[in-house]
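Written out below as structure tokens is the structure these notes cover.
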Amino acid sequence: MNHLPLIIKREYLAKVKNKSFLLMTFLSPLIMVGFISLVTYLATVNNEIIRTISVLDESEFFKETLISTEYTKYHYLDEVDLESAKSLSNQASSYGLLYIPNLPIDSVSEEIKFLSEDAPSLTFITNLESKIENRIKELKLEKSGVDLAKIKAANTNVNLGQESYEGVKTSKAGSFMKLAFGGFAGYLLFMFIIIYGNLIMRSVIEEKTSRIIEVIISSVKPIQLMLGKIFGTSLAGITQFAIWIVMIGVLMVASSFIFGVDLSATTQQEIMTEAMNNPAVNSELQGYINDFRALPLWNLIIAFVLFFTGGYLLYSSLYAAIGAAVDNETDTQQFMIPVIMPLIFSFYIGFFTVLEDPHGSISTIFSHVPFTSPVVMLMRIPFGVPLWEQLLSLFILVVNFVFTVWIAAKIYRVGILMYGKKPSYKELIKWLKY
Amino acid sequence: MNDLLEVQGVSKKFADFQALSSVTINVPKQSIFGLLGPNGAGKTTLIRIINQITMPDSGKVILDGEPLQPHHVQYIGYLPEERGLYKSMKVGEQALYLAQLKGLSYKEAKKRLVYWFEKLGISHWWDKKIQELSKGMAQKIQFVVTVLHQPKLLIFDEPFSGFDPINANIIKDEILQLRAEGATVIFSTHRMESVEELCDHIALIHESKKILDGKLEDIKRQHKTNTFEVGLSTKHKTALKQTIAERFDIATADFKSLEDDLKLNIKLTPNDSSEDLLAFLSHNASVNHYKELIPNASEIFIQTVKNNGL
């Protein structure tokens, strides 16, 4: 008798009807969007502060360098000494006083000071420093008789046109897009495994502690129950993810209206139209579109579905086995580490090795090792992986999946009827022989 | 074919622990079969093997003439000793779920559940969650779920634990009713008075081996020692006691009576019958009390385990 659909249905309903699950589903996007909006809002508010800087430039080198902008006003003080400049600046409640003493250009840099009541913002200081540095550099160059105009003319901005032998154009932006695609896919899988793997584990433990397990497995095979649990919980997870994505989307748009964060389509359209009319920008935009088109989209989608499913099922069967082996959640720690380690490991390989060298030996090897392959391969695929490599990796994954489920089912079968003590690894191995 | 269930030479080893060694039992149709044994003897393992939860290392189990197969689970109703229900699921929902796992259709399961809930007067529990019910209430629901699919073979492991005497009686009557309707019951318990009351066959398992089985009456007959409990009214107790001791093995007995009698347990010699003893006693004193001592299940249990354990 096949009770799998019945079990999946129960597991699914039990999850989605659960109060804390519902709360998580509907509250998380609210909290997340609320947080983002708040940060964005605060950032906007912060930027609108107008800073007035008093400048006492005795050297008179910087008159043309420090030009007032919308949010930063430079107020030049003339014919005063440092002490009165300080009090003037203080009276005007300006942000601070920039003091440049009257010294020759070679030594002035060490004596320039910024005086203020409160410690100034780091970005502001860095910005100011670079302006001053540039000006001093120019002055020094001028002093040594270099024609500044010629230097400016000689400045070149190189943007290498990247192209494969087949003539497909790529660019740095394209690489970034690939990175984003791979990173997003890998990250999604990673999060999914951690969140819903835990959910599966808890639900197995719940069945043990409520002692319903023996009643159920006198009707169905433990492996059916385990698979039903994994599939049911995964479906609940997919539902939750879908709701999150939709809610976050809706809330983001809503909050952009409420907080006036400028996300409106009109500006983007303006930029687009402008870009279309401007030939230089147009070609760059065309490049983006080409990059996007050049991504192996179908390959990505299919591979994502396959590797995601395979990887997720592989790990979740381990979570189910851990749940079966212990009596309560606190005992799960020692078994969690060997499960989490390859996951984190594959994530690091993904971000540090694959992005640096997508086809290097480390990336290639770990995109075939079963426990790391889902994440690593998903990150590699946007950079173009031959079909046979993908198939090989997938084949290894499937074989390993079957093997792992078999092992997990054995541990599960024995574990669900074991109470009272936390088993050691040695005992787990013994269970395989029962 | 008079046996619903035959367990033939079943052995099971867990790593270094021998849980069952070559156990053979036959459970006749429509009997109430007591599966007895001290804690850790292997009863639960045997029950799990019958339920196909655990696979035996060797030996086989035959249900109604067929070797045990996966589809047989629908003919078996099992109430485990370690039992529970989903805490946060509604009573009706989970009863329906468990019934469907046993192969009933949704409609049929619902119909039968409504019938049983009404019969036991628990219909108003349908929408409650298990965590709102007491342990005894949950036990009742588990009982209903166990018998709902009208299994040929019912296995109850300590069915009365958690019940008050009134509810225990209701459940006992239901078990007897189910037997009358054709079900065979395997009954595992430590409560010897319910064995005495319900079982017509028993098997005793001790340290993984079956050490005794058969009809309860036959076993009692085998275990009786031909000892009689007597109360004799006489003026010369010491003299009478001596006279009897010359012919029979005697021991002092202790039972309640209205008279100040000489109370003795008297064991028959192989040459004497009960009539001979009674005639001998009547000749010497007036007999107020005369009763054959038949061992109860508890005594047989303790004695057999002791004899085999040492």
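Numbers restart at 1 for each chain; the letters A, B, ... are given by sequence-line order, proteins then strands.
Of all residues spanning residues 231-242 of chain A, none has a heavy atom less than 4.5 Å away from chain B's heavy atoms. At a heavy-atom separation below 4.5 angstrom, chain B is approached by no residue within residues 399-407 of chain A.
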Between B:Leu101 and A:Ile7, is a side chain to side chain contact (heavy atoms under 4.5 Å, CB included) present by the stated rule, with each step listed?
-> CA-CA 8 Å; B:Leu101 287 185; A:Ile7 298 169; 4.1 Å; yes
Verdict with supporting geometry, B:Ile76 and A:Ser218, side chain to side chain contact (heavy atoms under 4.5 Å, CB included) | CA-CA 9 Å; B:Ile76 301 178; A:Ser218 69; over 6 Å; no
Under the salt bridge (Lys or Arg N to Asp or Glu O under 4.0 Å) criterion, do A:Lys208 and B:Glu82 qualify, and how do the steps go?
-> CA-CA 10 Å; A:Lys208 270 188 87 173; B:Glu82 294 288 359; over 6 Å; no
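By the neighbour-count criterion of 12 heavy atoms within 6.0 Å, atom OH of A:Tyr187 is sparsely surrounded, having that number or fewer from other residues, nucleotides or ligands. No more than 12 heavy atoms of other residues, nucleotides or ligands lie within 6.0 Å of CE in A:Met32, so this atom counts as exposed by the packing criterion. In the displayed structure, B:Lys119 atom NZ is contacted under 6.0 Å by more than 12 heavy atoms of other residues, nucleotides or ligands. Remark: B:Met55 CE is packed, more than 12 non-hydrogen atoms of other residues, nucleotides or ligands lying under 6.0 Å away.
Chain A forms more heavy-atom pairs under 4.5 Å with one residue of B:Arg83, B:Lys87, B:Gln94 than with any other, namely B:Arg83. Taking A:Ile216, A:Ile217, A:Leu6 one by one and counting their heavy-atom pairs under 4.5 Å with chain B, the maximum is reached by A:Leu6.
Only the side chain of A:Val220 comes within contact range of chain B, judged by heavy atoms closer than 4.5 Å. A:Leu13 does not touch chain B: none of its heavy atoms, backbone or side chain, sits under 4.5 Å away. Heavy atoms closer than 4.5 Å to chain A are found nowhere in B:Gln142, neither backbone nor side chain.
With values rounded to the nearest 0.5 angstrom, A:Arg413 atom CZ is found 11.0 Å from B:Ile53 atom CD1. Interatomic distance, B:Gln100 CD to A:Lys9 NZ, rounded to the nearest 0.5 Å: 6.5 Å. B:Met89 CE to A:Ile212 CD1: the interatomic distance, rounded to the nearest 0.5 Å, is 8.0 Å.
Side-chain contact check for B:Phe14 versus A:Val414: every heavy-atom pair is 4.5 Å or farther apart.
Ion pairing between A:Lys17 and B:Glu93 holds under the 4.0 Å rule for side-chain N and carboxylate O. Using a 4.0 Å cut-off between a side-chain N of Lys or Arg and a carboxylate O of Asp or Glu, B:Arg48 and A:Glu214 qualify as a salt bridge.
For the residue pair A:Lys221 and B:Gln52, the shortest heavy atom distance occurs at NZ-O, 3.9 Å. The two residues B:Val73 and A:Ser219 have their closest heavy-atom pair at CG2-O, 3.6 Å.
One side chain, A:Glu207 or B:Tyr86, offers a donor N or O that lies under 3.5 Å from an acceptor on the other.
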